[in-house]
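Below, chain A is the first sequence line, B the second, and so on; all start at residue 1.
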Amino acid sequence: MSDARRALARSLAAAVCAVAAALLARPVVAHGGSLGAQARSSLSTPTWLVLTTGGAAVGASFLLASVVTDRGFIRSVDGWRHALPAPGRVARALVRAAGVLGLAGTLAVCLLGPDSARPTVGPNLGLLFVWVVWWAGYTMSTYLVGSTWRALNPWRTLAAVLPTLDEPYPDRAGVWPATGALLALVWLEVVSPVAESPRVLGGVVVAYTLVTLTGAVVYGSETWFERADPVSRVFDHYGHVAPFGRDAGGVSLRLPGAGLSELPVSDRSEVGFVVALLWVTTFDGFVATPAWAAIADTLSGVGVPLSALYPVALLGGFGLFLGIYLGASSASKRLADTRLTAAHLGRRFAPSLLAIAAGYHLAHYLAYFLSLAPSVAAVATAPLAPPTRVPVLALPGWFETVGMAAILLGHLLAIWVAHTTAYELFPGRLQAIRSQYPFIAVMVFYTMTSLWILAQPEVVPP
Amino acid sequence: VSDSPARDLSGRPVEYDPGPAAHECAYCGRPFTSEELLALHRGHTHPEELSAAELAAFEEAYEAEAEAIRLFRLKAIGLLVALYFGFLIVYAVV
């Protein structure tokens with residue numbers, strides 16, 4: 001999940017050269033730290049000013065939103081819906097079939113197709129498909145349009161034909177298994193060649209398939225995909241940001257982000273999952289900064305093994321993000337003067353963070369997706385004998401501002417969602433405004449962190 | 001939303017601080033920290049059921065809050081203007 005962050009901050013010429021060079025040198029389109037290293041443009045504005053401006057933009061948007069105190073208006077904006085016909089059974093069956101075929105095809109090409117980890121072999125379509133089409137492109141569709149993963153998910157379709165033991169799911173575990181698996185997948189992505197070697201990727205997909213189907217058989221498909229499967233939870237959460245969403249009557253159109261106030265976050269483990277989703281996008285960029293390289297060099301110099309450093313940083317950063325968020329919930333309770341518990345406030349405000357996570361994802365992946373889409377098309381015509389030179393779309397220099405804009409837009413959406421939530425929770429208007437202060441401070445911190453990472457030169461993670 | 005005890009989106013009861021509350025809504029049992037907030041809650045959540053006295057209390061609390069809101073808006077606008085010109089000057093210097 002790293003890649004495109006760098007695509008963002010790099011100039012036109014550098015992007016073309018770097019991508020072309022990376023493709024020629026390592027035929028696989030890589031994920032990880034191999035694309036566009038050190039190819040970032042230097043900004044003419046000093047970093048501290050970019051960070052302060054970003055933080056101030058978030059703060060100023062909060063001040064503007066706080067002027068809106070009309071409950072009726074806030075409720076009508078959030079509650080606006082336009083009902084649409086639900087997709088028919090034939091359409092859903094076709095989508096399911098496409099999902100299973102896509103999984104089978106990806107596995108076959110990854111395991112049997114050209115091994116693009118070796119030189120002089122063209123890109124492997126399976127690898128391109130997973131990273132460019134699915135993780136970049138499809139994920140964007142889940143928060144920009146609507147999540148179709150429930151129907152498309154090939155593992156859910158396969159689990160439906162398997163028997164189930166319907167063991168009771170341990171409620172105490174909450175959704176921590178999904179959070180753990182999400183962090184583990186990101187760790188794997190950063191430290192293993194899963195982004196360069198189609199064989200390794202194929203192995204990971206096989207392992208994921210075994211774990212997922214076993215879980216679905218033991219605990220029942222619905223429980224497993226709702227509670228323990230990280231991929232389904234990510235897409236379901238992103239789907240709540242999108243303008244199209246499922247509801248009781250079928251499908252409805254709503255304003256972007258309005259679905260977030262319908263997302264139930266019922267315990268601390270679910271808050272943890274939301275924060276983890278936000279943290280993993282940040283972590284991915286963080287390990288490619290010179291700051292991380294310096295820390296890693298220093299620590300490995302005194303004998304700390306690198307292999308231990310990554311999981312510690314991943315878990316430590318997650319703990320820090322979660323701690324900051326829970327601290328904000330407690331502060332919100334004190335400022336709002338309410339009998340509601342801090343834990344309850346934390347659960348209610350958590351969905352607003354998903355708009356920020358979606359903004360990060362768009363900033364990281366849009367340029368990556370657009371520039372590599374022609375490569376996918378070229379390789380798709382000959383998956384087993386791909387051309388060694390593939391076309392890459394050259395994006396104009398101004399495109400890097402789209403990434404910055406995506407991060408800011410995500411935050412603006414989050415501010416509005418938090419504002420709506422506060423007015424649902426509190427009878428007092430001033431009380432609702434005060435309750436948001438700590439969460440806005442946290443959002444300013446998140447914005448400045450991600451802008452800082454964007455402004456860093458790109459290095460290959462040690 | 002007039003059920004007691006109130007439930008959140010996931011259908012679980014809303015969590016309140018333990019212990020008796022000095023200001024509790026007679027219609028739904030939700031606890032509040034002050035009489036003003038309780039009056040506002042009654043006006044927003046149970047507008048059909050209010051007695052004349054409760055309605056008057058709501059209007060009074062709402063008006064009292066409007067004054068504080070006006071002051072907050074003034075501060076917010078002042079802060080926005082300061083931010084705007086502050087950044088204008090910083091960008092001119094840097």
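- A/Thr69 touches chain B through backbone and side chain together, each having a heavy atom under 4.5 Å away.
- In this structure, chain A has no heavy atom under 4.5 Å from any part of B/Tyr84.
- Heavy-atom pairs under 4.5 Å with chain B peak, among A/Gly59, A/Ser66, A/Ala343, at A/Ser66.
- Atom CZ of B/Phe87 has more than 12 neighbouring heavy atoms from other residues, nucleotides or ligands inside a 6.0 Å radius.
- To the nearest 0.5 Å, atoms CZ (A/Arg429) and CD (B/Glu65) are separated by 4.5 Å.
- For B/Phe32, the parts lying under 4.5 angstrom from a heavy atom of chain A are both the backbone and the side chain.
- Annotation: A/Arg71, atom CZ; neighbour count of heavy atoms from other residues, nucleotides and ligands within 6.0 Å is above 12.
- Atom CG of B/Leu37 is separated from atom CZ of A/Phe426 by 10.0 Å, given to the nearest 0.5 angstrom.
- If you measure heavy-atom distances from A/Thr52 to chain B, the contacts under 4.5 Å come from both the backbone and the side chain.
- Between atom CZ of residue B/Phe72 and atom CG of residue A/Leu430 there is a gap of 7.0 Å, rounded to the nearest 0.5 Å.
- For B/Glu60, the CD atom sits in a loose shell: 12 or fewer heavy atoms of surrounding residues, nucleotides or ligands are nearer than 6.0 Å.
- In this structure the side chain of B/Thr33 never reaches within 4.5 angstrom of the side chain of A/Thr338, judged on heavy atoms.
- To the nearest 0.5 Å, atoms CZ (B/Arg30) and CG (A/Leu340) are separated by 9.0 Å.
- In this structure, the portion of A/Leu263 lying under 4.5 Å from any heavy atom of chain B is its backbone and not its side chain.
- Within the 4.5 angstrom heavy-atom criterion, no atom of B/Ala39 approaches chain A.
- In A/Phe73, the CZ atom is not crowded: 12 or fewer heavy atoms of neighbouring residues, nucleotides or ligands sit closer than 6.0 Å.
- Annotation: A/Arg81, atom CZ; neighbour count of heavy atoms from other residues, nucleotides and ligands within 6.0 Å is above 12.
- Note that CG of B/Asp17 and NZ of A/Lys333 are 3.5 Å apart. Values are rounded to the nearest 0.5 Å.
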